[in-house]
Amino acid sequence: MKIFIAAILLLMSVVAAAAQTRLSEQLTETAMNRIWVDDRNLPGIPPKWNYEQGVILKAVEAMWYATGDPKYFRHIQKGMDHWIDEKGNHKDYHLEEYNIDHVTPGTAMLLLHRVTGNEKYRKIVEQLRSQLKTHPRTNEGGFWHKKIYPYQMWLDGLYMGEPFYAEYSSIFGEDNWNDIANQFVWMEKNSRDPKTGLLYHGWDESKQQKWANKDTGRSPHVWGRAMGWYAMALVDTLEHFPANHPRRAELVAILDREAAAIAKYQDARSGVWWDIIDLGGREKNYLESSASAMFVYALMRGVREGYLPEKYLKTATRGWAGIKKEFIKTNAQGQTDWEGTVSVSGLGGNPYRDGSFDYYMSEKLRTNDAKGLGPAIRAAIEVEAYERGWPGRGKTVVIDDYFNHEIRKSKNTGGDETWHYKWDERPDAGFYAFGQIFRSNGARLSTLSSAPLATNLAGASVYVIVDPDTEKETAKPNYVSEPDAKAIADWVTRGGVLLLMGNDGQNAELDKFNLIAEKFGIKFHKDRKFDVLNNDYKMGGVEIATGNPIFTTTKRVFVKEISTLALSGNAKALVTANGDVVMATAKHGKGTVFVIGDPWLYNEYLDGRRLPLEFENFKAATDLSRWLLTNARKK
């Protein structure tokens, strides 16, 4: 009896703990530890190289940047290192198969290359890129879904190849943007029903397949997950597609048209979507979870990023409420399960799949299927961010690239690149993680590479200046001048929010930088406090007092080799340590200023790979970003 009671109490504690954990974390725990479990003892790693792992790891990446917890990065690295040796040789990838599905995990390899710089990841990335260079195409130019499916484009294939293709092009400076845009344009043109706006699963250019309509080449039915793949492909590709490229608007328009169809065919009762979308209620048809999660993710992120109008929030939030009711369950062990994902649906092949309604209904449903779990995690992350509020909606965070303008040769493109505290930098010295926090709050990011003037600050809600250059870093630094300082102060007076991040007196140009800070009653001392020796991180620990008006969730942070601050006027100390002012704020006209003598929120101290978890810099960055955006005005 005692054992039974103990077991019941243990189960109750597990369930209670799960209830306090965000759904995104619960689902990710399932994805990392409870799929692909077999006698290999490699949970979370499939027995063969496949796109499903790529889908899961993209979700795990999103969790990493949503939490700063290094366990997510380690899972990605372990999952990819399983397939390659130290020289980057892959044990289960065969280019000559020309299977577009096999490109999908390449986004995880791209991540690892960008974060670590390890050339073994670059090698497999280049192999996957070489596949796309020679991959068979339709006469029009669209990628075949697979070599064994000649002249066929499936909606699925856009997700399998285009986000990788776009990210690769962005990183390595290849101009493939017309080709990438064309893949989406051709797919929509050949698969879209003009009456309903829905997209048919596949298209056969040759019109020779038994499943293909002899006039249009389209398959017979609208499969939910296929449309989900296409919607996710659009939002994931737009992340990398150049903002000023003339073809970008075409992709946004395609997404908007698909979003309209998705909303139109949302099930009125449940809020989710049917497996065959336009045959809701037909006998044997069923509500399907992977498509529903993909639609919620694409719609919610599309609104957050500004690709879609806000009216789609209603569809997305109704969809998520339905998902929680229909598909997210707690099992007997108190673990979170994802239900209702169809295992597979394809066209042709052997045995032959004829694309009929009966065929789609014959495929089995699975619990905790990767194709549903991955999109569900990403949908959960988006919805949770929305539920916390988007204080950055309609606001732009601009980072300086004029005073801090270090240049080096790029290992990826061979040309010059600016680096050090930049939004798109994934290694330790970048601000990628900080930027993602701003973006999760609904803000947009931008970079200012010229001197601050009223005209080019007009669109900025928050302006960030970090560690201006010295002559050691840049041959001809753009030192702060009095006109620069006045332009910035005038912008703050009108309601701008300014974030100044200095450095210690030995490694930063502070005399000229103080021209800006002193406008607000703050001065960087030319000192150096919180030296950290031999990675003894405790030497850089700073306690955050209870009741701090900005750092409401943060208790302890890490700083290193900082300049302390002197205050005058209405400047106020925010954080002090050992009698020194570490952080300060000031009100100036209608605007607000935050100052610290350390660029302390770069990747090394946010993404968890190096900094011990006892230091809550990620929480601090989250608190600070929300405070900055809340004080900022829309532009």
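In what follows, every heavy atom counts, from backbone to side chain, and hydrogens, waters and symmetry copies are set aside.
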Would you say [Y] and [X] are linked by a side-chain donor-acceptor pair, where the criterion is simply a distance under 3.5 Å?
{"X": "Asp504", "Y": "Ser563", "value": "no"}
{"X": "Gln77", "Y": "Tyr121", "value": "yes"}
{"X": "His588", "Y": "Asn570", "value": "no"}
{"X": "Thr564", "Y": "Asp527", "value": "yes"}

Side-chain ion pair, [X] and [Y], N-O less than 4.0 Å:
{"X": "Glu305", "Y": "Arg444", "value": "no"}
{"X": "Glu61", "Y": "Arg426", "value": "yes"}
{"X": "Glu425", "Y": "Lys422", "value": "no"}
{"X": "Arg528", "Y": "Glu561", "value": "yes"}
{"X": "Asp236", "Y": "Arg378", "value": "yes"}
{"X": "Lys555", "Y": "Glu616", "value": "no"}

Centroid-centroid under 6.0 Å between [X] and [Y] rings:
{"X": "Tyr165", "Y": "Tyr168", "result": "no"}
{"X": "Tyr602", "Y": "Tyr421", "result": "yes"}
{"X": "Phe615", "Y": "Tyr605", "result": "no"}
{"X": "Phe241", "Y": "Trp177", "result": "yes"}

Residue from Glu29, Glu25, Gln26 passing side-chain hydrogen bond (donor to acceptor under 3.5 Å, both in side chains) with Thr336: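 Of the listed residues Glu29, Glu25, Gln26, the side-chain hydrogen bond (donor to acceptor under 3.5 Å, both in side chains) partner of Thr336 is Gln26.
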
To the nearest 0.5 Å, how far apart are [atom1] in [X] and [atom2] in [Y]?
{"X": "Leu624", "Y": "Trp600", "atom1": "CG", "atom2": "CH2", "value": "6.5 Å"}
{"X": "Ile56", "Y": "Thr104", "atom1": "CD1", "atom2": "OG1", "value": "12.5 Å"}
{"X": "Asp531", "Y": "Asp536", "atom1": "CG", "atom2": "CG", "value": "12.0 Å"}

Lys560 NZ/CZ over Phe530 ring centroid, <6.0 Å and within 45° of normal: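 The answer is no, since Lys560 fails at least one limit relative to Phe530.
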
Distance under 6.0 Å and angle within 45° of ring axis: Arg609 vs Phe73: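 Because its charged atom sits under 6.0 Å from the ring centre and within 45° of the axis, Arg609 does stack over Phe73.
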
So, does [X] use its side chain to make a donor-acceptor pair with the main chain of [Y] at under 3.5 Å?
{"X": "Asp580", "Y": "Val582", "value": "no"}
{"X": "Asn603", "Y": "Pro427", "value": "yes"}
{"X": "Ser410", "Y": "Thr413", "value": "yes"}
{"X": "Asn514", "Y": "Asp511", "value": "no"}
{"X": "His405", "Y": "Asp401", "value": "yes"}

Search all heavy atoms of [X] against all heavy atoms of [Y] and return the closest pair with its distance.
{"X": "Lys634", "Y": "Arg393", "value": "CE-O, 3.1 Å"}
{"X": "Ala632", "Y": "Val462", "value": "CB-CG2, 3.9 Å"}
{"X": "Ile522", "Y": "Ala584", "value": "CD1-CB, 4.1 Å"}
{"X": "Trp320", "Y": "Ala376", "value": "CH2-O, 3.9 Å"}
{"X": "Lys619", "Y": "Thr554", "value": "C-OG1, 3.4 Å"}

Chi angles and distances behind the salt bridge (charged side-chain N to carboxylate O under 4.0 Å, His left out) call for Lys486, Asp490: CA-CA 6 Å; Lys486 184 178 185 304; Asp490 289 346; 2.8 Å; yes

Trp423 and Phe438 aromatic ring geometry - parallel, tilted or perpendicular at 30°/60° bounds: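 Judged by the thresholds at 30° and 60°, the geometry between Phe438 and Trp423 is perpendicular.
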
Flag if over 12 foreign heavy atoms under 6.0 Å of NZ, Lys572: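 Open.
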
Asp484/Lys512 under salt bridge (charged side-chain N to carboxylate O under 4.0 Å, His left out): CA gap, chis, key distance, verdict: CA-CA 10 Å; Asp484 296 329; Lys512 300 292 193 298; over 6 Å; no

Residue pair Arg408, Glu417: steps toward the salt bridge (charged side-chain N to carboxylate O under 4.0 Å, His left out) verdict: CA-CA 6 Å; Arg408 65 182 180 187; Glu417 66 175 4; 2.9 Å; yes

Chi angles and distances behind the salt bridge (charged side-chain N to carboxylate O under 4.0 Å, His left out) call for Arg439, Glu239: CA-CA 11 Å; Arg439 290 179 66 192; Glu239 178 176 355; 3.7 Å; yes

